[in-house]
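Below: one structure, written as structure tokens.
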Amino acid sequence: MSLYHGIACRRKFFWCYRLLSTYVTKTRYLFELKEDDDSCKKAQQTGAFYLFHSLAPLLQTSAHQYLAPRHSLLELERLLGKFGQDARRIEDSVLIGCSEQQEAWFALDLASLHKPEMETELKGSFIELRKALFQLNARDASLLSTAQALLRWHDAHQFCSRSGQPTKKNVAGSKRVCPSNNIIYYPQMAPVVITLVSDGTRCLLARQSSFPKGMYSALAGFCDIGESVEETIHREVAEEVGLEVESLQYYASQHWPFPSGSLMIACHATVKPGQTEIQVNLRELETAAWFSHDEVATALKRKGPYTQQQNGTFPFWLPPKLAISHQLIKEWVEKQTCSSLPA
């Protein structure tokens with residue numbers, strides 16, 4: 001091994017070590033804040049807060065993109081004071097992450113305050129996350145998705161399901177406890193499978209009536225109690241389009257804040273040979289169809305949504321890049337492209 005090569009390898013090793021060390025440090029720090037109320041209160045002193053109103057995040061517009069402004073504890077206290085609110089409202093905030101420099105990030109919903117006056121004061125707008133999600137950068141999208149899901153969970157779990165007594169959250173918002181029986185409730189996500197079905201040369205895409213005009217996506221459905229991911233995929237494909245799946249391959253997963261916090265588990269699936277006749281379940285879907293590689297590759301290049309054409313039709317387009325369904329479909333196109341290249 002040459003000296004240069006040896007130095008390069010050591011540099012690569014130390015870079016990887018620093019990366020791992022930073023991740024471990026952040027993870028341990030967040031664990032401490034979740035488990036120790038005093039540590040979390042201390043972190044709030046130097047932390048940053050993202051603001052919501054009725055689960056809609058405060059956003060500002062910059063160069064055709066939404067930005068999520070952050071506020072210090074002092075700024076937040078001044079804001080609450082100006083609107084006649086007790087600073088103890090900050091206790092309702094939830095921990096949503098931290099920077100590599102261990103600046104803790106929190107989210108707080110101020111639904112009780114007058115929305116227009118707050119927007120004027122804060123020089124921004126409270127916008128529904130579903131409308132704004134794909135115009136956010138990746139970091140803000142992830143943080144605001146986490147924040148909204150966690151804030152919604154706390155709003156819906158203020159009472160113990162066994163005793164009926166009010167529950168109390170810890171400072172970080174990582175759990176709620178019933179004082180009468182010490183039952184601990186932790187935030188939960190609902191597992192959802194999202195499956196791109198292929199017959200080998202085409203992929204199956206569908207749309208629900210709630211989708212924007214012209215948009216198609218992969219099949220998706222919640223896991224039932226007692227089901228494995230594999231069983232859910234077999235059932236959902238059979239229920240929604242009347243096809244039987246032969247093979248499965250896991251792709252990736254993604255947290256999704258809708259409808260109330262879901263874990264999207266993305267997979268590829270292949271149907272049995274000769275079983276390609278679609279029988280759409282109209283209780284679940286508006287329509288479903290097979291699409292060729294070229295059709296899907298063209299749709300991936302469109303940004304959508306699109307205005308109605310003169311003939312009353314809408315161009316076929318796919319979910320935005322941030323959505324895991326887009327990445328799942330994109331991978332299928334890339335695999336089809338590679339398999340068609342000459343050896």
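The first residue in the sequence is number 1, and the count goes up from there.
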> Are R70 and E103 close enough, and set up right, to give a salt bridge (Lys or Arg N to Asp or Glu O under 4.0 Å), and what steps lead you there?
Replying inline: CA-CA 12 Å; R70 302 185 299 166; E103 176 193 57; 2.8 Å; yes
>> Before you tell me yes or no, could you show the steps for S180 and S163 under side chain to side chain donor-acceptor pair (under 3.5 Å), namely the whole-Å CA-CA distance, both residues' side-chain angles and the distance that decides it to 0.1 Å?
In response: CA-CA 7 Å; S180 66; S163 70; 3.3 Å; yes
> Please walk me through it: do R162 and C178 pass side-chain contact (heavy atoms from CB on, under 4.5 Å)?
Replying inline: CA-CA 9 Å; R162 178 169 295 181; C178 177; over 6 Å; no
> Given R176 and K168, is the side-chain contact (heavy atoms from CB on, under 4.5 Å) satisfied, shown in steps?
Replying inline: CA-CA 5 Å; R176 298 189 73 91; K168 183 178 180 181; 5.6 Å; no
>> Using the rule given for side-chain contact (heavy atoms from CB on, under 4.5 Å), can you reason through V177 versus I183, listing the C-alpha separation, both sets of side-chain angles and the distance that settles it, and then say yes or no?
In response: CA-CA 6 Å; V177 181; I183 293 178; over 6 Å; no
> salt bridge (Lys or Arg N to Asp or Glu O under 4.0 Å) between D155 and R152: does it pass, once the steps are laid out?
Replying inline: CA-CA 5 Å; D155 183 61; R152 182 188 283 112; over 6 Å; no
>> Go through it in stages, so that I can follow the logic: the residues are S209 and E286, the test is side chain to side chain donor-acceptor pair (under 3.5 Å), and I'd like the CA-CA distance, side-chain angles, deciding distance and then a yes or no.
In response: CA-CA 5 Å; S209 58; E286 182 180 271; 5.0 Å; no
> Run the side-chain contact (heavy atoms from CB on, under 4.5 Å) check on C203 and W332 step by step: do they pass?
Replying inline: CA-CA 8 Å; C203 72; W332 179 82; 3.8 Å; yes
>> S161 vs Y185, test: side chain to side chain donor-acceptor pair (under 3.5 Å). Steps then yes/no.
In response: CA-CA 10 Å; S161 60; Y185 294 92; 3.1 Å; yes
> When you look at E100 and K26, which way does the salt bridge (Lys or Arg N to Asp or Glu O under 4.0 Å) test go after all the steps?
Replying inline: CA-CA 6 Å; E100 292 185 357; K26 282 178 58 177; 5.6 Å; no
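In terms of heavy atoms, V192 sits closest to A220 at CG1-CB, 4.4 Å. Closest approach of E236 and F222 over heavy atoms only: OE2-O, 3.8 Å. Across all their heavy atoms, I278 and A289 have their closest contact at CD1-CA, 3.8 Å. Contact between P212 and W317 at its shortest, heavy atoms only, is CB-CZ2, 3.6 Å. Contact between A206 and F211 at its shortest, heavy atoms only, is O-CE2, 3.8 Å. Between H255 and A149, the shortest heavy-atom contact is NE2-CB, 3.8 Å.
With hydrogens and angles ignored, the 3.5 Å screen pairs a side-chain donor or acceptor of S198 with a backbone N or O of G200. Put simply, the side chain of D140 never gets that close to the backbone of L67: no donor and acceptor are under 3.5 Å apart. Proximity of a side-chain donor or acceptor of T120 to a complementary backbone N or O of P116 within less than 3.5 Å is detected. A donor-acceptor pair under 3.5 Å is absent between the side-chain atoms of E284 and the main chain of N281, judged by distance alone. When atom types are taken as modelled, the side chain of E295 and the backbone of S292 share a donor-acceptor pair closer than 3.5 angstrom. Remark: side-chain polar atoms of Q254 are paired, donor with acceptor, to backbone N or O of I324 under 3.5 angstrom. Using modelled atom types, one side-chain atom of K169 and one backbone atom of S93 make a donor-acceptor pair closer than 3.5 Å. In this structure, N170 contributes its side chain and K34 its backbone to a donor-acceptor pair below 3.5 Å. With hydrogens and angles disregarded, no donor-acceptor distance shorter than 3.5 Å links the side chain of E32 to the backbone of Y29. With R207 contributing its side chain and M215 its backbone, the two residues share a donor-acceptor pair below 3.5 Å.
Counting heavy atoms from C-beta outward, N181 and C160 have side chains that approach closer than 4.5 Å. Two residues are said to be in side-chain contact when any heavy atoms from C-beta on lie closer than 4.5 Å; L151 and L55 meet this criterion. Using a 4.5 Å cut-off on side-chain heavy atoms (C-beta onward), K321 and F134 make no contact. Taking the side chain as every heavy atom from C-beta outward, H71 and L58 approach each other to under 4.5 Å. A 4.5 Å side-chain heavy-atom check between L95 and L150 finds every atom pair outside the cut-off. Contact annotation: the side chain of S217 never approaches that of L318 to less than 4.5 Å [non-hydrogen atoms, C-beta and beyond]. For the pair V296 and K330, the minimum side-chain heavy-atom distance is 4.5 Å or more. Under the 4.5 Å side-chain criterion, counting only non-hydrogen atoms from C-beta, L144 is in contact with L129.
Ring centroids of Y216 and F316 are separated by less than 6.0 Å, placing the two rings close together.
In the hydrophobic clustering of this structure, F52 does not group with I90; members are Ile, Leu, Val, Met, Phe, Trp, Tyr whose side-chain heavy atoms approach within less than 4.5 Å, directly or through other members. Hydrophobic cluster membership is shared by V94 and Y50, with clusters built from Ile, Leu, Val, Met, Phe, Trp and Tyr side chains linked at under 4.5 angstrom. In the hydrophobic clustering of ILVMFWY residues, with side-chain heavy atoms under 4.5 Å counting as a link, Y66 and L122 come out apart.
Within a 6.0 Å radius of CD in Q102, more than 12 heavy atoms belonging to other residues, nucleotides or ligands are found. Within 6.0 Å of CZ in F31 there are 12 or fewer heavy atoms belonging to other residues, nucleotides or ligands. Around the CD atom of Q45, the shell of radius 6.0 Å holds more than 12 heavy atoms that belong to other residues, nucleotides or ligands. The local environment of CD in Q188 is sparse, with at most 12 non-hydrogen atoms from other residues, nucleotides or ligands closer than 6.0 Å.
To the nearest 0.5 angstrom, L243 atom CG is 7.5 Å from Q275 atom CD. Atom CD1 of I233 is separated from atom CD of E227 by 10.5 Å, given to the nearest 0.5 angstrom. Here the straight-line distance linking atom CD1 of I194 with atom OG of S325 works out to 4.5 Å at 0.5 Å rounding. Separation of atoms OG1 (T232) and CD1 (I265) is listed at 8.0 Å; rounding is to 0.5 Å. Going from atom NZ of K175 over to atom OG1 of T167 covers 13.0 Å, rounded to the nearest 0.5 Å. Atom CG of L328 is separated from atom OG1 of T195 by 8.0 Å, given to the nearest 0.5 angstrom.
A salt bridge does not link K82 with E77: none of the charged nitrogens is closer than 4.0 Å to a carboxylate oxygen.
When T201, T298, T337 are each tested for a side-chain hydrogen bond (donor to acceptor under 3.5 Å, both in side chains) with H293, only one passes: T337.
In this structure, R130 is positioned above the aromatic face of F258, its NZ or CZ under 6.0 Å from the six-membered ring centre and within 45° of the axis. The cationic group of R139 lies under 6.0 Å from the six-membered ring centre of W105 and within 45° of the ring axis, placing it in a cation-pi geometry.
Partners of R89 by side chain to side chain contact (heavy atoms under 4.5 Å, CB included), not counting sequence neighbours, listed by chain and number: L80, Q85, D92, L110, S112.
With no hydrogens or angles considered, a side-chain donor-acceptor pair links E331 and H268 at under 3.5 Å.
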